[in-house]
2 protein chains.
Amino acid sequence: MEKLLKSKNLRATPFRLEVLTIFGKYENAIEMSTIESELGNFDRITLYRTIKSFIQAGVVHEIHVNGDSKKFALCAEGCENLHHQHDHIHFHCTVCQETFCLDTVEMPSLNHPTFTISSFDIQAQGICESCN
Amino acid sequence: MEKLLKSKNLRATPFRLEVLTIFGKYENAIEMSTIESELGNFDRITLYRTIKSFIQAGVVHEIHVNGDSKKFALCAEGCENLHHQHDHIHFHCTVCQETFCLDTVEMPSLNHPTFTISSFDIQAQGICESCN
DNA sequence: CATATATTTGCATCAATGTTGCAAAAGTAA
DNA sequence: TTACTTTTGCAACATTGATGCAAATATATG
């Protein structure tokens with residue numbers, strides 16, 4: 001865990017390790033409020049900046065679930081300095097409200113005659129395995 | 001224009017028509033700030049609720065461009081009561097910052113062995129035709 | 001056309017979230 | 001241990017989303 005942070009050029013402070021541990025406790029993407037309730041006392045701004053630096057360093061990525069709410073999930077390998085490289089789609093179960101990173105779905109290829117598509121994200125909705 | 005609103009069961013008030021006209025002036029998706037600067041005086045809450053009712057009625061749809069900013073664009077046919085049916089991807093040009101609804105890109109099909117995918121959205125990034 | 005009804009607007013007020021500046025604290029390297 | 005850089009915690013502020021309510025407006029009905 002410390003290694004992970006240092007490999008991204010982030011100092012391994014107790015607070016950051018605590019937040020990282022919370023991510024590790026959950027299988028799927030989590031909301032800010034989940035992190036907040038897992039933490040005992042914490043400074044709101046510090047947490048906000050922690051998440052921000054995690055995103056910038058490529059430790060976690062942000063997922064826009066519906067129109068409004070957002071969640072966060074640990075990155076896989078290969079994410080660095082805001083250049084997130086995710087070979088998975090994000091799936092939101094409309095029953096249990098869980099948000100999954102699905103690397104079992106093959107990413108399609110997109111082509112446009114005149115536009116150059118350098119990257120794209122896919123957010124899917126539906127019903128997950130256990131709710132099915 | 002009045003017909004459009006009434007077909008969605010929205011009353012055709014002057015303010016709503018004014019906002020709709022602004023959408024008509026722009027080819028691509030626009031930000032809230034663009035609407036605000038086009039309007040002379042306006043009430044912030046009323047505009048907020050106008051956009052909200054447009055989205056709920058299927059007149060416009062919301063586009064999440066990057067992690068943060070959002071834009072709005074007129075819906076095509078077939079969007080009703082929050083059941084937006086868009087057969088296009090959203091493309092954000094990293095040069096000119098314009099956001100396009102690209103119906104020239106074929107929507108791929110997604111499959112998962114155990115999850116039921118009912119709908120999905122695609123946000124792409126890259127360089128648009130005129131910036132290319 | 002006038003009126004009754006339902007919706008919309010404008011205003012006040014509030015909540016949640018994101019942001020900045022700065023001094024103290026803590027981590028890192030020499 | 002010291003010097004330097006980053007992070008934290010606090011205050012203060014900006015932006016955005018949301019609700020309640022009375023006045024204004026739109027629509028339907030007689």
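In this text the structure is predicted, and so the values were computed from the model without any measurement. So that the names make sense, note that chain A is the first sequence line, chain B the second, and so on, each numbered from 1.
- Rounded to an integer number of Å, the gap from CD of A:Glu2 to P of D:dT7 is 14 Å.
- In this structure, CG of A:Leu5 is placed 13 Å from C1' of D:dT7, rounded to the nearest angstrom.
- Near DNA chain C, defined here as any heavy-atom distance below 4.0 Å, there are no residues from residues 32-41 of chain B.
- Residue A:Lys70 places at least one side-chain N or O closer than 4.0 Å to OP1 or OP2 of C:dG18.
- One can place NZ of B:Lys52 at 17 Å from P of D:dT16, the figure rounded to the nearest angstrom.
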Heavy-atom protein contacts under 4.0 Å, nucleotides 5-12 of chain C, coded B base, S sugar-phosphate only, - none
-BSSSBBB

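- When the side chain to side chain donor-acceptor pair (under 3.5 Å) test is applied to B:Ser130, no partner is found at least two apart in sequence or on another chain.
- Checked against side-chain contact (heavy atoms from CB on, under 4.5 Å), A:Arg11 has the following partners two or more places apart in sequence or in another chain: A:Thr13, A:Arg16.
- A:Lys8 places its NZ atom 21 Å from the C1' atom of C:dT28, with the value rounded to the nearest Å.
- Atom CD1 in A:Ile55 sits about 14 Å away from atom C1' in C:dT17, given to the nearest Å.
- Distance, A:Arg44 CZ to D:dG9 P: 14 Å, rounded to whole Å.
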Could you go through residues 98-107 of chain A and list every donor-acceptor pair under 3.5 Å that involves a side-chain atom there, pairing it with any protein atom two or more places apart or in another chain?
{"unit_1": "A:Glu98", "atom_1": "OE1", "unit_2": "A:Asn28", "atom_2": "ND2", "d": "2.8"}
{"unit_1": "A:Thr99", "atom_1": "OG1", "unit_2": "A:Lys71", "atom_2": "NZ", "d": "3.0"}
{"unit_1": "A:Thr99", "atom_1": "OG1", "unit_2": "A:His92", "atom_2": "ND1", "d": "3.3"}
{"unit_1": "A:Thr104", "atom_1": "OG1", "unit_2": "B:His112", "atom_2": "NE2", "d": "2.7"}

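- The distance between atom CG of A:Leu47 and atom C1' of C:dG18, rounded to the nearest whole Å, is 12 Å.
- A:Phe115 and B:Phe91 have perpendicular rings, their planes meeting at more than 60° on a 0 to 90° scale where under 30° would count as parallel.
- Applying the ring-ring contact (aromatic ring centres under 6.0 Å, His included) rule to pairs touching residues 4-44 of chain A yields nothing, sequence neighbours excluded.
- The side-chain contact (heavy atoms from CB on, under 4.5 Å) test applied to A:Leu4 returns A:Ser7, A:Lys8, A:Leu20, A:Val59, not counting sequence neighbours.
- Residues forming a side chain to side chain donor-acceptor pair (under 3.5 Å) with A:Ser37 (at least two apart in sequence, or on another chain): none.
- Connectivity analysis of hydrophobic side chains (ILVMFWY, heavy atoms under 4.5 Å, direct or indirect) links A:Val95 to A:Ile127.
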Quick one, A:Asn132 with B:Thr116, criterion side-chain hydrogen bond (donor to acceptor under 3.5 Å, both in side chains). Give me CA distance, side-chain angles, the key distance, then yes/no.
CA-CA 8 Å; A:Asn132 239 339; B:Thr116 305; 2.9 Å; yes

